[in-house]
Amino acid sequence: MGWLTILWLIPAVVAVGVLALPAQRPDLAKWAGLLGTVAALVVSVGLAIGFDPGGPRYQFVTNVRWIPSFGARYELGLDGIGLVLILLTTVLMPILVLAGWRDADHAGSLDHSGGRRQKGPHTYFALMLAVEAMVLMSFVATDVLLFYIVFEAMLIPMYFLIGGFGSGGMQAAAAVKFLLYNLFGGLLMLAAVIGLYVVTARSGIGADGRGTFSLPAISDAVAGGRLDASTGVLALLFGGFMIAFAIKAPLWPFHSWLPDSAVAATPASAVLMMAVVDKVGTFAMLRFCLQLFPEASKTFAPLIIALSVIGIVYGAILAIAQTDMMRLIAYTSISHFGFIILGVFAMTSESQSGATLYMVNHGISTAALFLIAGFLVSRRGSRLIADYGGVAKVAPVLAGTFLVAGLATLSLPGLSPFISEFLVFIGTFTRYPVAAIAASSALVLSAIYILWLYQRVMGGPPTPVEGPGAARRTMPDLHGRERLVVAPLLALLLVFGFFPQPLLNLITPTVSHTLTTVGRDDPAPAVVVQNNGGGK
């Protein structure tokens, strides 16, 4: 049992243990869930300490027989991109458990015997741990079939988190929409996985030449020109993988499930979906699409970049138009995912390093903004922007932290999203200048939706609270647990805003290997030379 297996087994085993705890002790379920996420964090830090950025492409490798009859293996390996996303996941999970500490206290129904409430908190935290376990495995799985299984399996606990613990009356419909969209992509990917196996078997790749699902083996065959398949077949296989990942990401026009799901879910589970689960889609574009289908990736890159730019501008414009605070933040994520996918398919070292760093920074900034907005909504019981005003006068800490998180979302220099967005811009401009210029319009649009939101909610005189019990419903400031949730997120935004190099040291070697696999070099910079005669 390798360290990567231990990493994903910790939350999986704790999830089962949480369900076995007595129904009368929801506090035990919460503390067990928190300790499980902290234990996974400790293991991930150990992996980061032991990881050698200049070493082999995949480290801490586990490779054992799984289904030998058709070449499937339990194959795990950690590269630099997978490591930074594992660190993002394991850092966020204890924070999300604390943020959702009270989310499921009133969930469940009364049983028919003792009138005791069923295990709402137990189920809630077990589902969150199950999602974490599957996400962690997806970042280290180097067998295509194994990755597909966890890629699809994580939909089930996420579906129950949205539909079973959400609010607003639309959670069931939102959960079904989430599941149907992603299952459709999963079916296309399953067909592509089967097709890829058939191609490897026909090419004599794998043990005894019977085919394989091993990513390293297939990518080596692709690099060596040993994959016996036509350009059209490889393009179709690429499409099956890419559409599944584009839905998960989500990329316009496959995005419409995200705002509904984010609004219907609890803030903690919505952040789990947007900041963690959706990163599996963009991560998989780098790991699987580009390495397995380099020529198809280059062929379809202009189309995907065009869709990314549309998503960037579309998400920002719709965010400006929203009257629902949580839906506004959800649309900002559609815009930000457009930047990530733009950086991936611009295929320069700066753009892909920036895109990977953006995955991390978007996870942190979205978690901060969405959770703080959730704390605000829990005080007033309304998501409508028009129901707020003057919060800064009665809850200055809440307003101040909301401002910092909002400024991070618009990529203010000095906060971590800035450097990742900057790298995506300069890396894209060297190869697709028109796309970079069009995407830069989001800089203005993001300032509009964040600053206007802050002005309407936090500025002006406090909105009066009317009706019986109004004195008890005044706006309290962030309390201890909420400050404990927000503080590390804001600290990370500041630290990585000034010192992103530790993350880039992990990311850059993997990006270089990916670009080598695809056969892309960075465009040579234009050089203007002036001769002695004054000409150029």
Side-chain angles (χ1 to χ4, degrees), residues 38 40-55 59 78-96 139 271 275-276 279 282-283 286 336 339-340 343-344 348-372 400-428 443 446 450 483-514 522:
V38 171
L41 173 59
V42 171
V43 174
S44 70
V45 171
L47 291 172
I49 293 172
F51 187 84
D52 179 10
Q59 300 178 34
L78 183 64
D79 62 9
I81 295 175
L83 177 57
V84 297
L85 293 175
I86 283 172
L87 290 171
L88 170 68
T89 303
T90 55
V91 167
L92 285 182
M93 282 306 300
I95 294 172
L96 296 182
F139 290 143
V271 170
V276 176
K279 298 300 188 302
T282 49
F283 164 79
L286 277 167
H336 294 149
F339 275 112
I340 295 171
V344 169
T348 65
S349 56
E350 293 90 351
S351 71
Q352 289 195 349
S353 296
T356 306
L357 190 61
Y358 212 137
M359 295 184 213
V360 177
N361 292 331
H362 169 263
I364 299 169
S365 61
T366 296
L369 187 60
F370 209 89
L371 291 177
I372 296 169
T401 55
F402 188 92
L403 178 61
V404 174
L407 293 176
T409 300
L410 63 82
S411 299
L412 185 76
L415 298 172
S416 60
F418 167 76
I419 187 62
S420 47
E421 195 166 290
F422 178 75
L423 287 171
V424 169
F425 273 129
I426 62 173
T428 302
L443 298 176
S446 62
I450 286 297
R483 296 188 186 199
L484 186 61
V485 166
V486 173
L489 296 173
L490 299 189
L492 290 172
L493 290 175
L494 290 169
V495 169
F496 291 134
F498 287 95
F499 303 105
Q501 196 59 45
L503 295 177
L504 290 172
N505 288 340
L506 298 173
I507 293 167
T508 303
T510 305
V511 165
S512 298
H513 185 280
T514 302
D522 289 336

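It should be emphasised that the depicted structure is a prediction, and the values quoted were computed from it without experimental measurement.
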Backbone N or O of G427 within a donor-acceptor pair of the T348 side chain at under 3.5 Å? yes

If the test is side-chain contact (heavy atoms from CB on, under 4.5 Å), which one of L83, I364, N361 qualifies with L88? I364

Rounded distance [0.5 Å steps], NE2 in H362 versus OG in S411: 10.5 Å

F51 CZ: over 12 foreign heavy atoms closer than 6.0 Å: yes

In Å, rounded to the nearest 0.5 Å, how long is the span from CD1 of I419 to CD of Q501? 9.5 Å

Are side-chain heavy atoms of F418 and L412 found at a separation under 4.5 Å? no

Short side-chain donor-acceptor distance under 3.5 Å, T510 and D79: no

Kindly indicate, with the supporting measurements, whether the criterion side chain to side chain contact (heavy atoms under 4.5 Å, CB included) is fulfilled by I426 and L423. CA-CA 5 Å; I426 62 173; L423 287 171; 4.1 Å; yes

Assess whether side chain to side chain contact (heavy atoms under 4.5 Å, CB included) is satisfied between V404 and T401, documenting all intermediate values. CA-CA 5 Å; V404 174; T401 55; 5.8 Å; no

Under 3.5 Å donor-acceptor, S351 side chain and G343 backbone: yes

Sidechain-backbone polar pair: E421 side chain, Y358 backbone, donor-acceptor under 3.5 Å: no

Could you walk me through whether L493 and S365 pass the side chain to side chain contact (heavy atoms under 4.5 Å, CB included) test, one step at a time? CA-CA 7 Å; L493 290 175; S365 61; 3.9 Å; yes

Distance, nearest 0.5 Å, that separates CD1 of I450 from OG1 of T409: 5.0 Å

Minimum heavy-atom distance between P488 and I95, given as atom pair plus value: CG-CD1, 3.9 Å

Might you point out which heavy atoms bring L369 and G406 nearest each other, and give the distance in Å? CD1-N, 3.9 Å

Hey, could you give me the OG/CG distance between S44 and L87, rounded to the nearest 0.5 Å? 5.0 Å

Gap between atom OG1 of T90 and atom CG of L41 - 0.5 Å precision: 4.5 Å

Heavy-atom closest contact (F425 atom, F339 atom, distance): CZ-CE2, 3.5 Å

Reference residue L489; test side-chain contact (heavy atoms from CB on, under 4.5 Å); the match among L92, I372, V91: L92

Check whether S353 reaches the backbone of E350 with its side chain - one donor and one acceptor, N or O, closer than 3.5 Å. no

For V344, is there any backbone N or O sitting under 3.5 Å from a side-chain donor or acceptor partner on Q352? yes

Taken to the nearest 0.5 Å, the spacing of I81 CD1 from L357 CG works out to 11.0 Å

Mind listing the closest non-hydrogen atom pair of M359 and K279 along with its distance? O-CE, 2.9 Å

Restricting to non-hydrogen atoms, name the atom on A405 and the atom on L490 that form the minimum distance, rounded to 0.1 Å. N-CD2, 4.4 Å

Minimal heavy-atom distance between T366 and V271, with the atoms involved, is O-CG2, 4.4 Å

Using modelled atom types only, decide if a donor and an acceptor are shared between the side chain of S420 and the backbone of P417 within a distance under 3.5 Å. yes

